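A short worksheet on the structure shown next.
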Amino acid sequence: MKIILPLSVTIPRKTKADKVFTLNLNIYRNCHHMTLNQAKIAWKGIVAQSTAGMVNVDSGPFKFVYTVFPATGRKFDLANVLSIVQKFTDDALQEFGFITDDSYKVIPIIVYKFGGVDKEKPRVELEIYPLNDIDFNDLPF
């Protein structure tokens with residue numbers, strides 16, 4: 001299963017211009033808790049649209065592969081961006097019933113990748129692969 005996600009979310013405002021919340025650990029840690037909650041709610045709507053019509057009948061475990069395609073060639077830390085995308089997305093997928101839990105028992109393997117610059121359509125692609133018959137005792141944690 002592949003889910004296409006943006007690199008930011010727009011938070012609607014009543015009296016001011018809408019706020020663009022870029023998913024990044026630096027912004028996340030400095031954000032006011034109310035703005036953060038509004039961003040999570042908006043992100044759930046994006047995930048709901050991206051997964052419309054998809055059904056997951058597998059209860060896990062899964063391998064999640066997050067691939068980022070930024071708009072510019074500017075250097076950045078993959079984990080700064082993808083850790084927040086992962087956090088928001090995992091929570092939304094759990095709420096929608098796609099995954100039973102976002103713990104290491106259900107998602108024991110998470111991969112962050114750089115996919116290249118895409119000026120036309122910056123995005124994050126999440127690919128979900130089922131891991132059949134995995135023995136957790138064989139994993140290095």
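Atoms considered below: every heavy atom in the structure, side chains included; atoms not considered: hydrogens, waters and symmetry mates. Remember, predicted model here, so these are calculated numbers, not experimental data. Numbering of residues begins at 1 and proceeds along the displayed sequence.
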Audit row: Val68, Lys113, side-chain contact (heavy atoms from CB on, under 4.5 Å) steps and yes/no: CA-CA 6 Å; Val68 64; Lys113 293 179 10 183; over 6 Å; no
4.5 Å side-chain heavy-atom contact, Tyr28 and Leu36: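 A side-chain contact under 4.5 Å exists here.
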Pro61 side chain near Tyr104 side chain, heavy-atom distance below 4.5 Å: no
To the nearest 0.5 Å, tell me how far [X] [atom1] sits from [Y] [atom2].
X     : Y     : atom1 : atom2 : value
Asn24 : Leu7  : CG    : CG    : 10.0 Å
Ile11 : Met34 : CD1   : CE    : 11.0 Å
Ile99 : Asp91 : CD1   : CG    : 8.0 Å
Thr89 : Gln86 : OG1   : CD    : 8.5 Å
Leu93 : Thr51 : CG    : OG1   : 7.0 Å
Leu82 : Tyr66 : CG    : OH    : 8.5 Å

Lys44 vs Glu95, side-chain contact (heavy atoms from CB on, under 4.5 Å): CA-CA, chis, key distance, verdict: CA-CA 9 Å; Lys44 285 179 190 175; Glu95 185 173 316; 2.6 Å; yes
Those residues that, when tested against Asn37, pass side chain to side chain donor-acceptor pair (under 3.5 Å) (two or more places apart): none
Ser103: partners by side chain to side chain donor-acceptor pair (under 3.5 Å), with sequence neighbours left out: Asp101
Plane angle bin for Phe88 and Phe21 - parallel if under 30°, tilted between 30 and 60°, otherwise perpendicular: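 Parallel.
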Hydrophobic cluster membership, [X] vs [Y], 4.5 Å side-chain cutoff:
X      : Y      : result
Val124 : Trp43  : yes
Ile110 : Phe114 : yes
Ile41  : Phe98  : no
Met1   : Val47  : yes
Val117 : Val81  : yes

Which atoms form the tightest heavy-atom contact between [X] and [Y], and what is the distance?
X      : Y      : result
Lys63  : Val111 : CE-CG2, 3.9 Å
Ser8   : Leu23  : CA-CD1, 3.9 Å
Ile46  : Pro6   : CG2-CD, 3.5 Å
Asp18  : Arg13  : OD1-N, 3.0 Å
Leu131 : Pro108 : CD1-CG, 3.9 Å
Leu126 : Leu5   : CB-CD1, 4.5 Å

Main-chain N/O of Phe76 paired with Asn80 side-chain donor or acceptor, under 3.5 Å: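 Answer holds: no.
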Donor-acceptor under 3.5 Å (Ser50 side chain, Ile4 main chain):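 Pair found, side chain donor or acceptor close to backbone of Ile4.
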Exceeds 12 heavy-atom contacts within 6.0 angstrom, atom CZ of Arg74: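 No, CZ of Arg74 has 12 or fewer neighbouring heavy atoms, counting only those of other groups under 6.0 Å.
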